[in-house]
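Encoded as structure tokens, the structure appears first; notes follow it.
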Amino acid sequence: MALIYYAESIKALADSPTVPAAARPEAASAALPLPALHEALTNWFESNARELPWRATECTPWGVLVSEIMLQQTPVVRVLPVWTEWLRRWPEPADLAREPAGEAVRAWGRLGYPRRALRLHAAAVAICSDHGGEVPGTHPELLELPGVGSYTAAAVAAFAFGRRETVVDTNIRRVHARLFSGSALPSQSLTAAEMRLAAQALPDGAGSSVRWNASVMELGALVCTARSPKCRQCPVSGSCAWLAAGEPPPTYTPKGQSWHGTDRQVRGAVMAVLRVAESPVAPELFQRAPADLGFEPAGIGIPLAALHRLNAPPEQLERALAGLLGDGLAELQPAGLQLPA
DNA sequence: GATACGTGGCA
DNA sequence: TTGCCAAGTAT
């Protein structure tokens, strides 16, 4: 392996005329060689990692896959109860595969991005039809599964099957940006250079590479956080290029995710109704307030009221409904709208 | 590469 | 209260 201690990044910083004195070579000299970094972070992980059920040795690859899908853009604390119930109810892919997709969407609850539930169900079906009911263990096979992208395929191959994979998620990207590149935040999109850097930083052995991936990810989640990182708790702060450079601010401002008044908000409100509904919901109920209809719809009153409070323009509601139908998150029966059967 | 896609907690 | 952010994927 190329032993780029990340001296290259440090040197580039030091050569830059705009870099503060802290980033000069004498400050950067505290940077540890890669093997020392591996040991420092792995040791930190040993005593600081959270005990999460999908990290337990008895957790199956299916449990790991479910956790990875659920954790996409979703905090651990919200995933925990849903994951536990999911694995209790569907301990193997085949258990989920024989259910209607709508059951997966319902069990997904309020985790957000419910299309993930649909894809996880589709993945279970594919696992049964293409892999004999066992979660496949290689990156290319995993990548074929619905809802599994480059990150998730690498994570499952590494954490469920012990393979040496270049795992790059938002936490790892941020740690690398600070530790190696001296930037406050990673670039706005994943670059080939970042993948190369991550691949070069990876320990050679399979076991040590898995521990390294988990350690860097955990450091990003607990210490090297996006806002107000806890650098005094960081086991490798002495080697951090960003600290050495004097904590330069981000060179861009991330564009926020709009929410109020968006189609997404309307879709979310409609889905909340469908999740609660025990029978098909007449389309008129989405368009008109229950009070106008002269009766109280059983069971769905509260989420329906929330939907109407949004006061979405008719064309927006129409667009949201069409989107949900197009995505397969809902289907229209003669009796009304419902989760997919 | 940019955009759409849920939800809720925290500063 | 507003905006940011959380183990990304698909188009």
Side-chain angles (χ1 to χ4, degrees), chain A residues 49-50 52-55 63-83 105 108-120 122-123 142-160 165-175 184-192 198 210 213-222 224-229 250 252-275 303 306-307 310 316 319-320 322-324 326-330:
Chain A
R50 294 164 292 182
L52 301 172
W54 45 86
R55 285 179 178 159
V64 174
L65 174 62
V66 172
S67 79
E68 290 298 344
I69 303 281
M70 288 184 173
L71 286 163
Q72 290 167 5
Q73 303 285 284
T74 309
V76 165
V77 286
R78 291 188 21 225
V79 166
L80 277 170
V82 181
W83 182 90
V105 175
W108 197 254
R110 306 159 72 86
L111 278 187
Y113 292 147
R115 50 175 57 173
R116 289 183 294 165
L118 223 45
R119 291 177 180 148
L120 182 51
L142 287 159
L143 204 48
E144 290 294 313
L145 299 175
V148 175
S150 177
Y151 159 75
T152 302
V156 173
F159 302 137
E165 300 283 340
T166 305
V167 179
V168 178
D169 77 326
T170 186
N171 286 312
I172 291 180
R173 293 188 66 210
R174 187 173 53 250
V175 172
L185 296 174
S187 56
Q188 300 190 55
S189 58
L190 179 58
T191 65
V210 171
N213 282 326
S215 303
V216 178
M217 207 179 303
E218 192 75 340
L219 187 77
L222 299 183
C224 196
T225 49
R227 284 173 299 191
S228 47
Y252 66 93
T253 54
K255 53 186 309 182
Q257 316 159 350
S258 56
W259 175 246
H260 290 288
T262 62
D263 289 5
R264 296 167 72 180
Q265 188 183 27
V266 179
R267 283 173 60 117
V270 171
M271 288 303 298
V273 174
L274 295 184
R275 277 197 306 269
L307 170 63
L310 297 180
Q316 185 178 43
R319 201 163 55 235
L324 290 174
D327 286 350
L329 281 165

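Just so we're clear, the structure is a prediction, and the values are computed from it rather than from any experiment.
- Protein chain A contacts DNA chain B from B:dT3 to B:dG9, reading 5' to 3' and using non-hydrogen atoms of the protein with a distance under 4.0 Å.
- Nearest heavy-atom pair across A:Ser187 and A:Thr191 is OG-CG2, 3.6 Å.
- Between the CG atom of A:Leu329 and the C1' atom of C:dA10 there is a distance of 14 Å, given to the nearest Å.
- Separating the P atom of C:dT2 from that of B:dC5 is a span of 22 Å, rounded to the nearest Å.
- Remark: A:Pro81 pairs with no residue by the side-chain contact (heavy atoms from CB on, under 4.5 Å) rule, at least two apart or across chains.
- Donor-acceptor pairing under 3.5 Å, judged by distance alone, is present between the side chain of A:Arg227 and the base of C:dC4.
- In this structure, CD of A:Gln265 is placed 13 Å from P of C:dT2, rounded to the nearest angstrom.
- Residues forming a side-chain hydrogen bond (donor to acceptor under 3.5 Å, both in side chains) with A:Arg115 (at least two apart in sequence, or on another chain): A:Asp327.
- Nucleotides B:dG6 and C:dT11 have their P atoms positioned 14 Å apart, rounded to a whole Å.
- No contact: A:Ile172 has no heavy atom under 4.0 Å from any strand.
- Within the 4.0 angstrom heavy-atom criterion, no nucleotide atom of any strand lies near A:Ala155.
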Atom pairs under 3.5 Å: protein N/O with N/O of nucleotides 7-9 of chain C:
{"from": "C:dA7", "atom 1": "OP1", "to": "A:Asn171", "atom 2": "OD1", "distance (Å)": "3.3"}
{"from": "C:dA7", "atom 1": "OP1", "to": "A:Asn171", "atom 2": "ND2", "distance (Å)": "2.7"}
{"from": "C:dA7", "atom 1": "OP2", "to": "A:Asn171", "atom 2": "OD1", "distance (Å)": "3.0"}
{"from": "C:dA7", "atom 1": "O5'", "to": "A:Asn171", "atom 2": "ND2", "distance (Å)": "3.0"}
{"from": "C:dA7", "atom 1": "O4'", "to": "A:Asp169", "atom 2": "OD2", "distance (Å)": "2.9"}
{"from": "C:dA7", "atom 1": "N7", "to": "A:Glu68", "atom 2": "OE1", "distance (Å)": "3.3"}
{"from": "C:dA7", "atom 1": "N7", "to": "A:Glu68", "atom 2": "OE2", "distance (Å)": "3.3"}
{"from": "C:dA7", "atom 1": "N6", "to": "A:Trp54", "atom 2": "NE1", "distance (Å)": "2.8"}
{"from": "C:dG8", "atom 1": "OP1", "to": "A:Thr170", "atom 2": "N", "distance (Å)": "3.4"}
{"from": "C:dG8", "atom 1": "OP2", "to": "A:Gln73", "atom 2": "N", "distance (Å)": "3.1"}
{"from": "C:dG8", "atom 1": "OP2", "to": "A:Gln73", "atom 2": "NE2", "distance (Å)": "3.1"}
{"from": "C:dG8", "atom 1": "O3'", "to": "A:Thr152", "atom 2": "OG1", "distance (Å)": "3.4"}
{"from": "C:dG8", "atom 1": "N7", "to": "A:Gln73", "atom 2": "NE2", "distance (Å)": "3.3"}
{"from": "C:dT9", "atom 1": "OP1", "to": "A:Gly149", "atom 2": "N", "distance (Å)": "2.8"}
{"from": "C:dT9", "atom 1": "OP1", "to": "A:Gly149", "atom 2": "O", "distance (Å)": "3.4"}
{"from": "C:dT9", "atom 1": "OP1", "to": "A:Thr152", "atom 2": "N", "distance (Å)": "3.0"}
{"from": "C:dT9", "atom 1": "OP1", "to": "A:Thr152", "atom 2": "OG1", "distance (Å)": "2.7"}
{"from": "C:dT9", "atom 1": "OP2", "to": "A:Tyr151", "atom 2": "N", "distance (Å)": "3.4"}

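- One can place CZ of A:Arg78 at 16 Å from P of C:dC5, the figure rounded to the nearest angstrom.
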Got a list of side-chain donor-acceptor pairs under 3.5 Å for residues 255-262 of chain A, not counting sequence neighbours?
{"from": "A:Thr262", "atom 1": "OG1", "to": "A:Trp259", "atom 2": "O", "distance (Å)": "2.6"}
{"from": "A:Thr262", "atom 1": "OG1", "to": "A:Arg264", "atom 2": "N", "distance (Å)": "3.4"}
{"from": "A:Thr262", "atom 1": "OG1", "to": "A:Gln265", "atom 2": "N", "distance (Å)": "3.2"}

Exercise answer: donor-acceptor pairs, residues 145-160 of chain A side-chain atoms, under 3.5 Å, sequence neighbours excluded:
{"from": "A:Tyr151", "atom 1": "OH", "to": "A:Glu68", "atom 2": "OE1", "distance (Å)": "2.8"}
{"from": "A:Thr152", "atom 1": "OG1", "to": "A:Gln72", "atom 2": "NE2", "distance (Å)": "3.0"}

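- A distance of about 16 Å separates the C1' atoms of C:dG8 and B:dG1, rounded to the whole Å.
- Comparing the P positions of C:dT9 and B:dG8 gives a spacing of 23 Å, expressed to the nearest Å.
- Considering only residues two or more places apart in sequence or on other chains, A:Leu222 meets the side-chain contact (heavy atoms from CB on, under 4.5 Å) condition with A:Trp44, A:Arg50, A:Glu218.
- For A:Leu111 and A:Gln188, each mapped to the nucleotide of DNA chain B holding its nearest heavy atom, the one lying further toward the 5' end belongs to A:Gln188.
- Take A:Thr166 and apply the side-chain contact (heavy atoms from CB on, under 4.5 Å) test, not counting sequence neighbours, and it matches A:Val168, A:Met195, A:Ala198, A:Ala199, A:Leu202.
- Residue-level contact check: A:Arg173 touches neither bases nor backbone, having no heavy atom under 4.0 Å from any strand.
- Taking atom CH2 of residue A:Trp259 and atom P of nucleotide C:dC5, one finds them 18 Å apart after rounding to whole Å.
- If A:Arg110 and A:Thr262 are placed on DNA chain B by their nearest nucleotide, the residue sitting closer to the 5' end is A:Thr262.
- Among residues two or more places apart in sequence or in another chain, the side-chain hydrogen bond (donor to acceptor under 3.5 Å, both in side chains) test is passed with A:Asp169 by A:Asn171.
- The shortest side-chain heavy-atom distance between A:Met70 and A:Val66 falls under the 4.5 Å cut-off.
- Between the P atoms of B:dA11 and C:dA7, the separation comes to 16 Å (whole Å).
- Checked by atom type, the side-chain pair A:Glu165/A:Asn213 shows no donor-acceptor distance below 3.5 Å.
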